Amino acid sequence: MRLSTLFGRTLREVPADAEVISHQLSLRAALIRQVAAGIYSYLPLGWRVLRKIEQIMREEMDAADGQEMSMPVVQPAELWRATGRYDAPAPGPALLRFKDRGEHEMVLGMTHEEVVTALAKLEIDSYRQLPLMVYQIQTKFRDEPRSRGGLIRVREFIMKDGYSFHTDAASLDEYYPRIYQAYINIFKRCGVQAIPVEADSGIMGGSASHEFMVLSEMGEDTLILCEHCGYAVNAEKAQFAKGAAESSAVLPLEKVATPGTSSIQAVAAYLGVPERQTLKAVFMSDPEGKVVFALIRGDLDVNPVKLSNALGGVELHASTAEELKRVGIVAGYASPIGVKNVRVIADDSLTSGTNFVAGANEAGYHMKNVNYPRDFTVDLVTDIAIARSGDPCERCGQPLQAKRGIEAGHVFKLGTKYSAKVGATFLDKDGSAKPLVMGCYGIGAGRLLACIIEQNHDERGIVWPRSVAPFQVHLVSLGTNNPVVVEAADVLYQKLMSVGYEVLYDDRQESAGVKFNDADLIGIPVRLTISKRTLEKTSVECKLRWDDTVELVAQSDLEAWLVTIFA
RNA sequence: CGGGGUGUAGCGCAGUACGGUAGCGCGCAGCGUUUGGGACGCUGAUGUCGGAGGUUCAAGUCCUCUCACCCCGACCA
């Protein structure tokens with residue numbers, strides 16, 4: 001490809017809208033251009049990278065016995081009604097809906113469980129056909145409330161999504177690690193370090209799932225890691241050792257005046273007790289405004305995802321003052337004692353320890369010596385606490401670390417959630433019809449591209465890993481007014497291509513500075529320079545993008561030199 | 001959906017307090033000189049100042065409405 005005719009130009013200045021480094025570089029290096037919020041075009045350079053990423057995913061999926069196929073982006077609403085997701089609160093408005101000219105309700109696919117399960121119902125009859133895995137590399141559309149960070153969080157994106165079908169859970173359990181390993185291979189081959197963590201399965205449902213997280217301050221997820229024992233988990237799901245509050249002889253309930261102490265910190269200090277001897281009340285409401293009272297030991301915080309899961313996955317928001325008033329709760333002094341009209345979900349941290357301080361449901365007053373279950377009852381006791389940096393690991397007791405990460409891939413054991421609803425069954429050996437047991441596996445291609453840049457750049461630009469670089473060789477000719485140089489560069493360009501290299505040839509009439517800066521920005525692994533100077537020595541100047549040194553290589557040795565780089 | 005911000009040439013920005021002929025840098029086109037880290041000179045083109053109303057002799061600037069985009073939060077397979 002001659003740079004003089006490449007569609008898409010590099011930008012010298014950072015576009016004002018881009019804050020994230022991968023966003024800035026993908027715009028400046030002419031990989032992508034924005035069309036609307038969270039919707040991008042890929043320019044030729046970006047598309048070449050994306051295709052390389054896709055090819056790596058394809059090879060790893062094929063190696064895991066996957067069969068590539070393609071399913072539509074536009075899907076009938078009835079498929080989504082069948083699984084209940086059309087009307088469910090989640091995904092809700094993220095599922096873009098519209099009508100075609102025949103007034104049929106349609107959606108833009110945000111994932112393909114519905115379509116693939118319907119296909120499986122059609123095509124799979126017998127256990128003899130199982131297990132199998134199909135995958136596609138296809139556009140998804142999710143009408144996110146807010147896109148951000150360039151390609152990191154978008155509305156329209158290309159995803160590699162795979163679906164496996166099994167006779168039973170044991171078969172899925174056996175297959176799942178192969179995909180897990182394939183994912184590790186994919187990220188490694190793409191030059192990104194991704195950490196697999198245990199994850200919450202969210203609206204996808206299912207029994208187990210893992211996310212592949214790329215460490216980045218930009219990340220929207222928090223991971224909890226234990227360096228000591230290797231426990232790695234999304235904070236949404238992380239468990240930790242909570243320890244126990246003090247236990248002593250149970251004392252009689254006592255109401256005390258605690259003016260101006262609407263926070264745990266304040267009331268603990270006022271009464272001279274540790275925070276872990278207090279009970280904290282947190283209120284969240286469902287979409288209908290019904291208040292949930294979450295009760296947890298004062299030194300811990302509520303994890304909204306765990307709380308939501310404890311309630312069967314309902315959507316929750318922080319309760320408004322109005323919602324609290326309606327059920328007679330005094331914010332800041334709320335008490336589990338005598339509370340009515342709300343569901344009380346308690347963290348298991350309050351089942352050990354005695355004589356806690358809790359609110360009196362009256363401004364300016366708390367209760368001392370509150371004991372469960374003597375003084376109050378709850379609807380459910382479970383783990384609803386969020387793990388924080390420094391909390392002890394539940395498995396080994398060592399301190400946990402919290403880090404930010406970008407979710408680059410996600411694998412789920414779905415079980416029969418979709419197949420049962422769609423009626424996708426097969427006949428087992430014993431002649432009985434059983435729902436297919438499913439797994440699903442996704443990686444966002446564009447997000448992965450952004451992650452690659454996040455982890456592979458320097459102050460001058462992108463430093464592509466060889467595996468995904470848009471071209472292998474960036475050929476720079478200096479002195480385009482010198483016919484001898486032009487001729488030599490043209491010959492080298494043709495020769496490199498004839499032996500199979502992907503070459504970006506900077507044949508523009510630009511100064512050396514412009515050409516070198518663009519080469520650094522675009523980040524192709526090998527830079528070859530041809531000039532009057534190199535020709536005098538019948539050599540080519542060679543430089544690797546990740547290395548500062550340049551090397552003169554005799555023209556006759558160039559091919560051998562390149563072989564060592566791409567070996 | 002709440003809070004904050006920005007829309008002026010392809011990109012980055014000034015001009016808006018106080019209304020009076022729309023500017024700068026880069027980029028782009030032509031000519032010439034340059035050619036190893038974002039060269040130089042000369043000449044030139046490009047704007048419905050996001051949009052619609054309004055006030056005024058006169059609006060990029062004032063008023064009203066509206067749209068788009070960015071950031072924080074809510075949300076998120």
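Proteins come first, then strands; the chains are lettered A, B, ... in the order of their sequence lines, and each starts at number 1. For clarity, every value in this text was computed on a predicted model and none was experimentally measured.
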Exercise. Nearest-Å distance, CG (A:Asp221) to C1' (B:C76)?
Worked result: 9 Å
Problem set entry | Residues that A:Leu324 engages under side chain to side chain contact (heavy atoms under 4.5 Å, CB included), provided they are two or more places apart | A:Phe283, A:Val291, A:Ser319, A:Ile329, A:Ala331
Exercise. In the strands shown, is B:A74 matched to any nucleotide by a Watson-Crick or G-U wobble pair with both distances under 3.5 Å, and which?
Worked result: none
Exercise. Ignoring hydrogens and angles, are the base of B:G36 and the side chain of A:Ser531 linked by a donor-acceptor pair under 3.5 Å?
Worked result: yes
Exercise. How far, in whole Å, is B:G51 from B:A59 if one measures between their C1' atoms?
Worked result: 15 Å
For this session: When you get a sec, tell me which of B:C69, B:G37, B:G38 is the closest nucleotide to the side chain of A:Arg527?
Result: B:G37
For this session: Look at the side-chain N and O atoms of A:Gln34 and state whether any lies under 4.0 Å from the OP1 or OP2 oxygen of B:A68.
Result: no
For this session: Grab the two heavy atoms, one from A:Gly405 and one from A:Met213, that are nearest each other, plus how far apart they are.
Result: C-SD, 4.2 Å
Problem set entry | P-based separation of B:U56 from B:G19 [nearest Å] | 16 Å
For this session: Could you list the residues that satisfy ring pair (Phe, Tyr, Trp, His ring centres under 6.0 Å) with A:His210, not counting sequence neighbours?
Result: A:Tyr176, A:Tyr180
Exercise. B:C70 and B:U34: how far apart are their P atoms, nearest whole angstrom?
Worked result: 47 Å
For this session: Identify whether any heavy atom of A:Leu521 sits under 4.0 Å from a base atom; if not, whether one sits that close to sugar-phosphate; answer base, sugar-phosphate or nothing.
Result: nothing
Exercise. Is A:Arg460 touching bases, backbone alone, or none of the nucleic acid, heavy atoms closer than 4.0 Å?
Worked result: base
For this session: Could you work out the separation of B:A45 and B:G25 based on their P atoms and round it to a whole Å?
Result: 15 Å
For this session: Work out which heavy atom in A:Leu449 is nearest to a heavy atom in A:Gly46; give both atom names and the distance.
Result: CD1-O, 4.0 Å
For this session: Check the distance between B:G38's C1' and A:Asp518's CG and give it to me in whole angstrom.
Result: 8 Å
Problem set entry | Closest listed nucleotide, where the reference is the side chain of A:Arg533 and the choices are B:C69, B:A39, B:G36 | B:G36
Problem set entry | Those residues that, when tested against A:Glu144, pass side chain to side chain contact (heavy atoms under 4.5 Å, CB included) (two or more places apart) | A:Arg142, A:Arg153, A:Arg155
For this session: Under 4.0 Å between any heavy atoms, over every strand shown, what does A:Tyr441 touch: base, sugar-phosphate, or nothing? Just pick one.
Result: nothing
Exercise. Between A:Thr534 and A:Glu541, what is the shortest heavy-atom contact and its length?
Worked result: CG2-N, 3.9 Å
For this session: Return the nearest nucleotide to the side chain of A:Val514; candidates are B:C70, B:C71, B:A39.
Result: B:A39
Problem set entry | Nearest-Å distance once atom C1' is located in both B:C31 and B:G47 | 27 Å
Problem set entry | Rounded interatomic separation in angstrom, taking CD from A:Gln24 and P from B:C11 | 16 Å
Exercise. Which part of the nucleic acid, if any, lies within contact of A:Asp520, taking any heavy atom under 4.0 Å across all strands shown: a base, the sugar-phosphate backbone alone, or nothing?
Worked result: base
Seminar exercise, completed: B:C40 -> Watson-Crick or G-U wobble partner, both distances under 3.5 Å, gives B:G32
Exercise. Using atom P of each nucleotide, how far apart are B:G20 and B:G2 to the nearest Å?
Worked result: 36 Å
For this session: Between B:G37, B:G12, B:C75, spot the one nearest the side chain of A:Pro145, thanks.
Result: B:C75
For this session: Can you sort out the partners of A:Arg9 under side chain to side chain donor-acceptor pair (under 3.5 Å), two or more places apart, ordered by chain and number?
Result: none
Exercise. If we call it a pair only when both distances are under 3.5 Å in a Watson-Crick or G-U wobble match, what pairs with B:U46?
Worked result: none
For this session: Write down the atom of A:Leu436, the atom of A:Ala120, and the distance for their closest heavy-atom approach.
Result: CD1-CB, 3.7 Å
Exercise. In terms of the nearest nucleotide of RNA chain B, which residue is placed more toward the 5' end: A:Pro15 or A:Lys532?
Worked result: A:Pro15
Exercise. Once you round it to whole Å, what is the distance between P of B:A39 and NZ of A:Lys515?
Worked result: 12 Å
Please list, for nucleotides 42-45 of chain B, all pairs of protein and nucleotide N/O atoms separated by less than 3.5 Å.
none

Exercise. Given atom CD1 of A:Ile152 and atom C1' of B:C75, what is their separation to the nearest angstrom?
Worked result: 18 Å
For this session: Using atom CZ of A:Phe516 as one end and atom P of B:U35 as the other, report the distance to the nearest whole Å.
Result: 15 Å
For this session: Using a 4.0 Å heavy-atom cut-off across all strands, classify A:Val485 as base, sugar-phosphate, or nothing.
Result: nothing
For this session: Quick one: label A:Ser308 by what it contacts on the DNA or RNA (base, sugar-phosphate, nothing), any heavy atom closer than 4.0 Å.
Result: nothing
For this session: Please report the closest heavy-atom contact between A:Ile406 and A:Cys451, naming both atoms and the distance.
Result: CG2-SG, 3.8 Å
Exercise. Heavy atoms under 4.0 Å, any strand shown: does A:Gly409 hit a base, just sugar-phosphate, or nothing?
Worked result: nothing
For this session: Answer with yes or no after comparing the ring centroid distance for A:Phe212 and A:Phe187 against a 6.0 Å cut-off, counting only values under it.
Result: yes
Exercise. Taking OH from A:Tyr40 and P from B:C70, how many angstroms apart are they, rounded to a whole number?
Worked result: 6 Å
Exercise. Now, which nucleotide makes the Watson-Crick or G-U wobble pair with B:C13, with each of the two distances under 3.5 Å?
Worked result: B:G23
Seminar exercise, completed: Using Watson-Crick geometry (N1-N3 plus N6-O4 or O6-N4) or G-U wobble (N1-O2, O6-N3), each under 3.5 Å, B:C62 is paired with B:G54
For this session: Tell me which nucleotide among B:A74, B:G36, B:C69 gets nearest to the side chain of A:Asp17.
Result: B:C69
Exercise. In whole Å, what separates the C1' atom of B:U21 from that of B:C40?
Worked result: 33 Å
Exercise. What form does the base of B:A17 take, syn (within 90° of 0) or anti?
Worked result: syn
Problem set entry | Partner residues of A:Tyr163 under the ring pair (Phe, Tyr, Trp, His ring centres under 6.0 Å) criterion, sequence neighbours left out | none
Seminar exercise, completed: A correct 5'-to-3' footprint of nucleotides 24-31 of chain B, with B, S and - meaning base, sugar-phosphate only and no protein heavy atom under 4.0 Å, is -BSSS---
Exercise. With a 4.0 Å cut-off on heavy atoms, is A:Arg28 in touch with a base, just the backbone sugar-phosphate, or nothing at all?
Worked result: base
Exercise. Can you check the A:Asn481 CG to B:U33 P distance for me, whole Å?
Worked result: 10 Å
Problem set entry | Sugar-phosphate only, base, or nothing, as touched by A:Ala37 at under 4.0 Å among non-hydrogen atoms | sugar-phosphate
For this session: Applying side chain to side chain contact (heavy atoms under 4.5 Å, CB included), name anything that partners A:Leu544, two or more places apart in sequence or on another chain.
Result: A:Val526, A:Trp546, A:Asp547, A:Trp561, A:Ile565
Problem set entry | Test side chain to side chain contact (heavy atoms under 4.5 Å, CB included) applied to A:Arg2 - qualifying residues, sequence neighbours left out | A:Ser4, A:Thr5, A:Asp490, A:Tyr493, A:Tyr505, A:Asp507
Exercise. Reckon A:Leu478 touches a base, only the sugar-phosphate, or nothing at all at heavy-atom distances under 4.0 Å?
Worked result: base
For this session: For B:G23 and B:A14, measure between their C1' atoms and round to the nearest Å.
Result: 7 Å
Exercise. With sugar-phosphate meaning primed atoms plus P, OP1 and OP2, does A:Glu19 contact a base, only sugar-phosphate, or nothing at under 4.0 Å between heavy atoms?
Worked result: sugar-phosphate
